[in-house]
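Note that the structure is predicted; figures quoted are calculated from it, not measured. Quick note: numbers below take in every heavy atom, side chains included, and nothing from hydrogens, waters or symmetry partners.
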Amino acid sequence: VSVVSAKELKERPVTNAAQALQGMVPGLRITQTNGSLEDKPSVNVRGTTTIGQGTSGEPLVLVDGMEGDLNSINPQDIANISVLKDAAATAIYGARAANGVIVITTKKGKMGKPVVNFSTKLTYSPKLNMDRLNLLNSEEKVGLELDLLQSGYPYREEKGEVYRIISGLGELSQFKDGGWNALSSDAQSAINRLKATHTDWSDILFRDAFTQEYNLSLSGGGEKATYYTSLGYMKENGNVPNVSAERLNLVMKTSYKVNSILKVGASMFANRRKNSSYLPDSDGLTNPIFYSRLANPYFTPYDANGNYNYDIDVENDVDMDFGYNPFEEQRNTTNETTINGLSSIFDAELRFDDRFKFTTQLGLQLDKTSIEKIADEESFAMRKEKKNHRSNGVTYLPAGGFHKANENSLSQLTWKAMGEYRDTYNDIHEFEVMVGTEIRKTWEEKLYSAGYGFDRKTLTTKPIIFPEESQAFK
């Protein structure tokens with residue numbers, strides 16, 4: 001069993017419990033799959049060499065005894081985290097604990113005067129610097145295109161501005177035969193201007209980012225009752241513009257000692273998380289790190305009048321060129337995920353003496369996840385969507401963008417009971433018996449909708465007229 005204390009968590013500049021555990025527990029592997037703010041890290045307790053599901057299975061996460069989520073808990077509300085890996089420690093949790101157990105105990109009130117705590121944290125993340133990638137500059141890239149074009153290498157020959165300049169002036173054949181000196185002065189001047197144009201993709205695709213976090217708590221109590229209440233807010237901005245994550249947490253806990261043997265308590269956890277970004281692309285073009293390695297150093301995203309230029313050299317599509325502009329995509333597409341969570345725990349403990357006690361818990365969990373994806377008509381995502389819905393080479397989608405929405409609701413009711421008996425004989429023999437049961441019922445509902453011809457101003461869509469009935473079910 002490995003334990004991480006609240007003091008250790010406080011010293012780390014993290015925004016969620018999963019990040020706080022990185023490097024703190026031997027054998028615990030936490031992997032961020034794509035680096036985006038909305039990405040949920042993969043947690044592996046038993047190591048990647050474990051036979052069975054240990055290589056990919058997620059551990060069971062318990063918050064004050066009930067199943068929870070590492071990303072929904074404010075690290076400032078955590079008293080300690082225990083990571084259980086061995087069979088003896090996880091036997092009590094049954095088959096669900098096959099991949100390990102992460103037990104989170106949240107803070108609670110203590111006997112004494114009311115204590116008010118306020119903390120704020122500001123974190124600075126500098127702009128990404130990609131100079132170490134040692135990418136080609138404009139002069140080097142133009143030189144490479146000239147060499148490949150003259151050599152007759154056919155792969156992606158028509159990609160690149162050099163080809164478009166030379167072929168546009170009708171000088172492709174003479175260049176392949178005679179090289180640079182065979183080109184006209186107009187072609188040479190245009191290519192030289194290309195060499196002198198340089199776009200610093202690292203500078204324009206990324207930004208300095210700040211994360212702000214505020215936490216307020218009130219705790220205290222007397223001999224009979226204790227209380228703990230906290231409110232936390234966090235906003236994390238990504239190094240990519242228009243990317244951010246927000247979290248709001250409210251915790252209310254109280255316990256009451258009825259008499260010498262009975263103690264009852266109630267807890268309420270409410271959280272709201274919102275991740276904002278733009279639509280991803282299956283080819284990875286919307287990933288700014290990936291795109292900056294593909295984009296030509298001489299390509300400029302805007303023309304002299306401030307209109308978008310479209311990059312057609314980064315696409316693999318040979319059927320049609322849609323034209324991609326990273327700033328158009330960030331402005332004209334939306335990808336928002338909102339998660340609202342509410343859970344309540346009611347518990348009671350009967351302690352007859354130092355040897356025997358009985359505990360029970362009743363938990364109610366409500367989670368709702370809403371995902372909204374919007375693409376305006378002038379976006380790479382919508383142009384690809386129209387390409388994927390065509391009949392005889394013509395799209396049958398109406399003019400406008402698209403609006404797609406997912407609504408997932410999860411409700412869970414859990415009842416747990418446990419009896420423990422522990423005794424010592426002759427000061428050397430220990431005897432311990434534990435008996436428990438758990439009953440859990442889950443309700444889940446999923447809804448999905450998609451509309452085309454979407455207009456952000458009127459929030460309306462248009463009907464689709466399918467040329468064939470079979471295409472309506474694709």
In terms of side-chain heavy atoms, does E145 have a donor or acceptor partner in Y298 at a distance below 3.5 Å? yes
Taking the basic N atoms (NZ, or NE/NH1/NH2) and the acidic carboxylate oxygens, is any pair closer than 4.0 Å for R390 and E385? no
In Å and rounded to the nearest 0.5 Å, what is the OH to CD1 distance from Y310 to I312? 12.5 Å
Can you tell me if K404 and S449 form a side-chain donor-acceptor pair at under 3.5 Å? no
Salt bridge check: are K107 and D64 linked by an N-O gap of less than 4.0 Å? no
Roughly how far apart are Q365 CD and F269 CZ, rounded to 0.5 Å? 11.0 Å
Look at K176 together with E171 and state whether they make a salt bridge at an N to O cut-off of under 4.0 Å. no
For K462 and D455: C-alpha separation, side-chain torsions, deciding distance, then whether salt bridge (Lys or Arg N to Asp or Glu O under 4.0 Å) applies. CA-CA 9 Å; K462 301 174 183 177; D455 188 323; over 6 Å; no
Describe, in one word, how the ring planes of W201 and Y291 are oriented to each other, choosing from parallel (under 30°), tilted (30 to 60°) and perpendicular (over 60°). perpendicular
When you check the side-chain N and O atoms of N239 and S125, is any donor under 3.5 Å from an acceptor? yes
Just by distance, no angles: are the side chains of Y233 and N215 close enough, under 3.5 Å, to form a donor-acceptor pair? no
Does the side-chain contact (heavy atoms from CB on, under 4.5 Å) test come out yes or no for L21 and I102, once each step is laid out? CA-CA 10 Å; L21 286 173; I102 297 178; 4.3 Å; yes
Residues, nucleotides or ligands: over 12 heavy atoms within 6.0 Å of E158 CD: no
Answer yes or no: does atom CE of M252 have more than 12 heavy-atom neighbours from other residues, nucleotides or ligands under 6.0 Å? no
Do the two ring centres, one from Y396 and one from F466, sit under 6.0 Å apart? yes
E372, K373, R456 screened by side-chain hydrogen bond (donor to acceptor under 3.5 Å, both in side chains) with T334, the one that passes: R456
Start with the C-alpha gap between D311 and K159, add the side-chain angles, then the distance that decides, and say whether salt bridge (Lys or Arg N to Asp or Glu O under 4.0 Å) holds. CA-CA 10 Å; D311 191 348; K159 296 289 185 180; over 6 Å; no
Determine whether E139 and N192 satisfy the following criterion, side-chain contact (heavy atoms from CB on, under 4.5 Å), listing intermediate values before the conclusion. CA-CA 8 Å; E139 185 172 357; N192 286 331; over 6 Å; no
Decide whether Q188 and S185 meet the rule of one side-chain donor and one side-chain acceptor closer than 3.5 Å. no
V251 and N74: CA distance, side-chain angles, deciding distance, side-chain contact (heavy atoms from CB on, under 4.5 Å) verdict: CA-CA 9 Å; V251 177; N74 184 350; over 6 Å; no
Going by distance alone, is a donor N or O of one side chain under 3.5 Å from an acceptor N or O of the other, for S230 and D77? yes
Any Lys/Arg nitrogen of R331 or D376 sitting under 4.0 Å from an Asp/Glu carboxylate oxygen of the other? no
Separation of N237 CG from S244 OG (nearest 0.5 Å): 6.0 Å
Check: S277 main-chain N/O paired with N335 side-chain donor or acceptor under 3.5 Å: no
Under 3.5 Å, is there a donor-acceptor pair linking the side chains of S409 and E445? no
Please tell me if the side chains of K274 and T337 come closer than 4.5 Å, counting only heavy atoms from C-beta onward. no
Enclosure of I465 CD1 (heavy-atom neighbours >12, cutoff 6.0 Å): no
Just checking K195: does its NZ atom have more than 12 heavy atoms from other residues, nucleotides or ligands closer to it than 6.0 angstrom? yes
Could you go through R383 and E328, starting from their C-alpha distance and side-chain angles, then the distance that decides it, and tell me whether this counts as salt bridge (Lys or Arg N to Asp or Glu O under 4.0 Å)? CA-CA 12 Å; R383 289 190 284 272; E328 179 190 60; 3.0 Å; yes
Answer yes if the side chains of T442 and Q412 hold a donor-acceptor pair under 3.5 Å, and no otherwise. yes
Verify ring-ring contact (aromatic ring centres under 6.0 Å, His included) between Y308 and Y302, making sure each step is shown before the conclusion. CA-CA 5 Å; Y308 294 123; Y302 298 97; 5.6 Å; yes
Side chains of N309 and D303: is there a donor and an acceptor less than 3.5 Å apart? no
Donor + acceptor pair across side chains of Y214, Q212 (<3.5 Å): yes
Would you indicate whether R293, at its atom CZ, is surrounded by more than 12 heavy atoms from other residues, nucleotides or ligands within a distance under 6.0 Å? no
Answer with yes or no after comparing the ring centroid distance for F454 and F402 against a 6.0 Å cut-off, counting only values under it. no
Steps toward side-chain contact (heavy atoms from CB on, under 4.5 Å) verdict (I191, L146): CA-CA 10 Å; I191 293 174; L146 287 169; 4.1 Å; yes
Under 6.0 Å from the six-membered ring centre of W443 and within 45° of its axis: does the NZ or CZ of K368 meet both? no
